[in-house]
Engineer: 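Okay, handing you the structure first.
As a basis for the values below, the full set of heavy atoms in this structure was taken, side chains included, without hydrogen atoms, waters or symmetry mates. This structure is a prediction, so every number in the text was calculated from the model and none was measured.
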Amino acid sequence: MTTTEPDPKTGTGNISVHARIEGQVQGVWYRAWTVEEAQKRGLTGWVRNRKDGTVEAVFCGPVPAVQSMIAACHDGPSRADVTRVHEEPGLEDSFEVFEKRPSA
């Protein structure tokens with residue numbers, strides 16, 4: 001995927017966001033839910049569990065779709081209890097699909 005500079009006035013272009021989700025997010029199907037939700041939005045990137053109990057993901061795609069995904073991460077699947085979502089610009093953006101990766 002080629003990343004284009006987002007236009008803050010129109011909200012167009014592609015972005016990459018690295019997110020870390022805290023709370024009760026492991027053992028509640030958070031990763032599988034994330035894959036489904038990201039694919040519905042046409043995003044590329046990945047999601048994985050971390051040993052510290054958080055879930056980490058990179059979302060790449062059109063600004064509105066990535067923003068929608070980040071907003072959805074604040075709730076997560078029905079069994080999750082999200083307490084915080086950290087966001088920062090993603091350093092990776094050349095993915096072809098959205099996938100679940102092994103824990104880190």
Side-chain angles (χ1 to χ4, degrees):
M1 171 169 59
T2 302
T3 301
T4 58
E5 285 298 315
D7 182 341
K9 293 179 184 173
T10 64
T12 59
N14 289 332
I15 59 172
S16 176
V17 173
H18 178 254
R20 191 167 47 86
I21 301 99
E22 296 180 356
Q24 181 59 44
V25 293
Q26 291 190 12
V28 296
W29 295 94
Y30 202 100
R31 288 179 300 158
W33 172 87
T34 302
V35 170
E36 289 178 11
E37 292 297 316
Q39 289 174 344
K40 284 180 194 175
R41 290 168 172 82
L43 300 176
T44 61
W46 53 265
V47 63
R48 68 182 174 191
N49 283 341
R50 295 189 50 86
K51 291 179 183 167
D52 64 4
T54 63
V55 168
E56 177 181 35
V58 173
F59 303 110
C60 304
V63 172
V66 172
Q67 290 174 335
S68 171
M69 187 67 217
I70 293 294
C73 284
H74 284 271
D75 293 322
S78 61
R79 293 178 42 209
D81 182 15
V82 177
T83 57
R84 186 170 184 188
V85 177
H86 300 270
E87 302 171 50
E88 60 187 47
L91 300 177
E92 306 171 85
D93 65 5
S94 58
F95 304 104
E96 294 185 21
V97 297
F98 194 91
E99 65 183 0
K100 182 169 63 170
R101 288 192 173 174
S103 299

Engineer: For Lys100, check side chain to side chain donor-acceptor pair (under 3.5 Å) against everything at least two apart and list the hits.
Structural biologist: none
Engineer: Kindly state each residue pair satisfying salt bridge (charged side-chain N to carboxylate O under 4.0 Å, His left out) with at least one member in residues 23-36, sequence neighbours excluded.
Structural biologist: none
Engineer: What distance separates Ile21 CD1 from Ile70 CD1, expressed to the nearest 0.5 Å?
Structural biologist: 7.0 Å
Engineer: Could you grab the distance from atom CZ of Phe98 to atom NZ of Lys40, nearest 0.5 Å is fine?
Structural biologist: 13.5 Å
Engineer: Show your reasoning for whether side-chain contact (heavy atoms from CB on, under 4.5 Å) applies to Trp46 and Glu92.
Structural biologist: CA-CA 10 Å; Trp46 53 265; Glu92 306 171 85; 3.4 Å; yes
Engineer: Holding to salt bridge (Lys or Arg N to Asp or Glu O under 4.0 Å), I want the full list of residues that pass it with Glu87, two or more places apart in sequence or in another chain.
Structural biologist: none
Engineer: Can you give me the closest heavy-atom contact between Ile15 and Val17, atom names plus distance?
Structural biologist: CD1-CG2, 3.9 Å
Engineer: For Gln26, give me all partners under side chain to side chain contact (heavy atoms under 4.5 Å, CB included), at least two apart in sequence or on another chain.
Structural biologist: Asn49, Val55
Engineer: Name the atoms and distances for all side-chain donor-acceptor pairs under 3.5 Å in residues 77-86, with sequence neighbours left out.
Structural biologist:
{"residue": "Arg79", "atom": "NH2", "partner": "Gly27", "partner atom": "O", "Å": "3.1"}
{"residue": "Thr83", "atom": "OG1", "partner": "Glu22", "partner atom": "O", "Å": "3.4"}
{"residue": "His86", "atom": "NE2", "partner": "Glu22", "partner atom": "OE2", "Å": "2.8"}

Engineer: Below 4.5 Å, heavy atoms only, C-beta onward: do Ser16 and Val58 meet side chain to side chain?
Structural biologist: yes
Engineer: With Glu56, which residues qualify under side chain to side chain donor-acceptor pair (under 3.5 Å), at least two apart?
Structural biologist: His18, Arg48, Arg50
Engineer: The test is side-chain contact (heavy atoms from CB on, under 4.5 Å); show your working for Met69 and Thr34 and say whether it passes.
Structural biologist: CA-CA 9 Å; Met69 187 67 217; Thr34 302; 4.0 Å; yes
Engineer: Quick one: closest heavy-atom pair of Phe59 and Ala19, and the distance?
Structural biologist: CE1-CB, 4.1 Å
Engineer: Using the salt bridge (charged side-chain N to carboxylate O under 4.0 Å, His left out) rule, collect all pairs that involve residues 57-77, keeping only residues at least two apart or in two chains.
Structural biologist: none
Engineer: Listing request: all ring-ring contact (aromatic ring centres under 6.0 Å, His included) pairs with a residue in residues 24-43, at least two apart in sequence or in separate chains.
Structural biologist: Tyr30-Trp33
Engineer: Which atoms form the tightest heavy-atom contact between Ala65 and Leu43, and what is the distance?
Structural biologist: CB-CD2, 3.7 Å
Engineer: Not counting sequence neighbours, list each pair that qualifies as a ring-ring contact (aromatic ring centres under 6.0 Å, His included) and has a residue in residues 62-82.
Structural biologist: none
